Amino acid sequence: MLDLRGKRIVVTGAAGGIGSAMIDVLAGFAAEVVACDLKAEDVAGPKVSEAHGFDLLDDNAVEAAAKAICSNGTPDAVISNAGWTRAETLADVTPQALSHELDLNLRSAARLSQAFLPAMRNRKGGAAFVFISSVNALSHYGNPAYAAAKAGLNAWMRAIATEEGRHGIRANAITPGSVRTMAWDHRIERDPSILEKVKRLYPLGRMVMPEEVARAAAFLASPLASGITGTVLPVDAGISAGNLPFLEQIAG
């Protein structure tokens, strides 16, 4: 069991499916959870030490939020979880969609980390960034703009790990596979059988649960991962391990 007692951990996108699981898991490990989303009231609750509402696409708001959070205590870890996609294929990627998805899934997380870095350097016990990326960053499963942003997020993570390690800062990324959250609702409306179809693509025969991503993030944010930095950890029910449908076809 992880013990995060006394650890102050920031989570963005805390009102979403994975974000809500983050709150539950981190609070269960006794962390002080600083939950962030567009509206503070959407993430406030008994498991949250602080709730902050701000727009990650607003640079001034990001700077102000980081300053406010640090004024109450420098974070031990920041988990950049917020993300969004709707452009499923190249044909769906309009100029507006491209800009929006790159800004929300890459630029906002990069700017947030820049806002926190000065305060998190050279702390006793170190500090950590955990970026929630995607298997889309590793291979093409659709959502081209989102995939490009998440691949960039992995690169940004490695930059922090390499350049800030001397200041006691670790950085890692998690690449979840399909996670059953509200992000799938629009696809289910289009094809009610899609979840069953998708499950057959995964070696474990199922999608990933939000709490599985949250537990991996809690580990990487914890002192138990003190020697781990610059890594990409798949939490993907095995989809990045190999092509199961292809194997089934050639095996007959």
Side-chain angles (χ1 to χ4, degrees), residues 2 4-84 100 102-133 149 153 156-157 159-161 163-164 167-174 213-214 217-218 220-223:
L2 291 177
L4 296 175
R5 197 174 313 277
K7 300 298 183 183
R8 185 168 165 79
I9 301 180
V10 176
V11 180
T12 67
I18 295 176
S20 298
M22 294 274 188
I23 292 174
D24 290 341
V25 168
L26 292 169
F29 292 142
E32 297 177 11
V33 182
V34 181
C36 306
D37 215 295
L38 281 170
K39 297 180 180 179
E41 56 266 32
D42 289 343
V43 292
K47 297 179 181 180
V48 171
S49 296
E50 285 177 42
H52 293 265
F54 61 96
D55 187 350
L56 281 166
L57 297 178
D58 182 334
D59 285 355
N60 291 331
V62 168
E63 292 284 351
K67 184 176 180 180
I69 290 168
C70 290
S71 70
N72 293 325
T74 302
D76 295 277
V78 174
I79 301 175
S80 284
N81 167 66
W84 186 90
H100 182 68
L102 288 172
D103 283 347
L104 182 56
N105 297 299
L106 171 58
R107 189 182 186 280
S108 66
R111 288 292 298 116
L112 186 75
S113 63
Q114 285 180 315
F116 277 114
L117 270 170
M120 294 172 67
R121 291 185 180 115
N122 302 314
R123 299 184 68 246
K124 183 178 180 181
F129 288 93
V130 181
F131 297 95
I132 306 304
S133 181
L153 192 62
W156 185 262
M157 171 275 292
I160 293 177
E163 297 186 25
E164 296 291 340
H167 301 299
I169 292 176
R170 298 183 298 106
N172 295 286
I174 294 170
V213 180
L220 289 175
S222 79

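Positions are given from 1, in the same order as the sequence printed here. Quick caveat: nothing in here was measured; it's all calculated off a predicted structure.
Between K7 and P223, the shortest heavy-atom distance links the atoms CE-CG, 3.9 Å. When every heavy atom of N105 is checked against every heavy atom of A149, the shortest pair comes out as CB-CB, 3.6 Å. The shortest non-hydrogen separation linking A82 to T12 is N-OG1, 3.1 Å. V10 approaches C36 most closely through the heavy-atom pair CG1-SG, 3.9 Å. Contact between A217 and I174 at its shortest, heavy atoms only, is N-CD1, 3.3 Å. Looking at every heavy atom in both residues, L112 comes nearest to S80 through CD2-OG, 3.9 Å.
For H100, the ring pair (Phe, Tyr, Trp, His ring centres under 6.0 Å) partners are W84, not counting sequence neighbours. Partners of A66 under the side chain to side chain contact (heavy atoms under 4.5 Å, CB included) rule, at least two apart in sequence or in another chain, are A115, F116. With sequence neighbours excluded, the residues forming a side-chain hydrogen bond (donor to acceptor under 3.5 Å, both in side chains) with R8 are E50, listed by chain and number. Legend: residues meeting side-chain hydrogen bond (donor to acceptor under 3.5 Å, both in side chains) with E163, ordered by chain and number and at least two apart, are absent. Remark: S222 pairs with no residue by the side-chain hydrogen bond (donor to acceptor under 3.5 Å, both in side chains) rule, at least two apart or across chains. Listed by chain and residue number, I23, A35, A51 satisfy the side chain to side chain contact (heavy atoms under 4.5 Å, CB included) test with V48 (two or more places apart in sequence, or in another chain). Applying the side chain to side chain contact (heavy atoms under 4.5 Å, CB included) test to S49 and every residue at least two apart in sequence or in another chain returns E32. Partners of D103 under the side-chain hydrogen bond (donor to acceptor under 3.5 Å, both in side chains) rule, at least two apart in sequence or in another chain, do not exist in this structure. Under the side chain to side chain contact (heavy atoms under 4.5 Å, CB included) criterion, N122 pairs with H167, sequence neighbours left out.
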Start with the C-alpha distance between I9 and V33, add both sets of side-chain angles, then the distance that settles side chain to side chain contact (heavy atoms under 4.5 Å, CB included), and finish with yes or no. CA-CA 5 Å; I9 301 180; V33 182; 5.9 Å; no

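Residues P75 and I69 have side chains in contact (heavy-atom distance under 4.5 Å, counting atoms from C-beta outward).
Listed by first then second residue, pairs satisfying salt bridge (Lys or Arg N to Asp or Glu O under 4.0 Å) with a partner in residues 36-48 read D24-K47, not counting sequence neighbours. For residues 13-22, the set of pairs meeting the salt bridge (Lys or Arg N to Asp or Glu O under 4.0 Å) definition, not counting sequence neighbours, is empty. For residues 110-133, the salt bridge (Lys or Arg N to Asp or Glu O under 4.0 Å) pairs, not counting sequence neighbours, are D59-R111, E63-R111, D76-R123, R121-E164.
Looking at N81, its side chain does come within 3.5 Å of a backbone N or O of G13 through a donor-acceptor pair.
Going from atom CD1 of I160 over to atom CG of N172 covers 10.5 Å, rounded to the nearest 0.5 Å.
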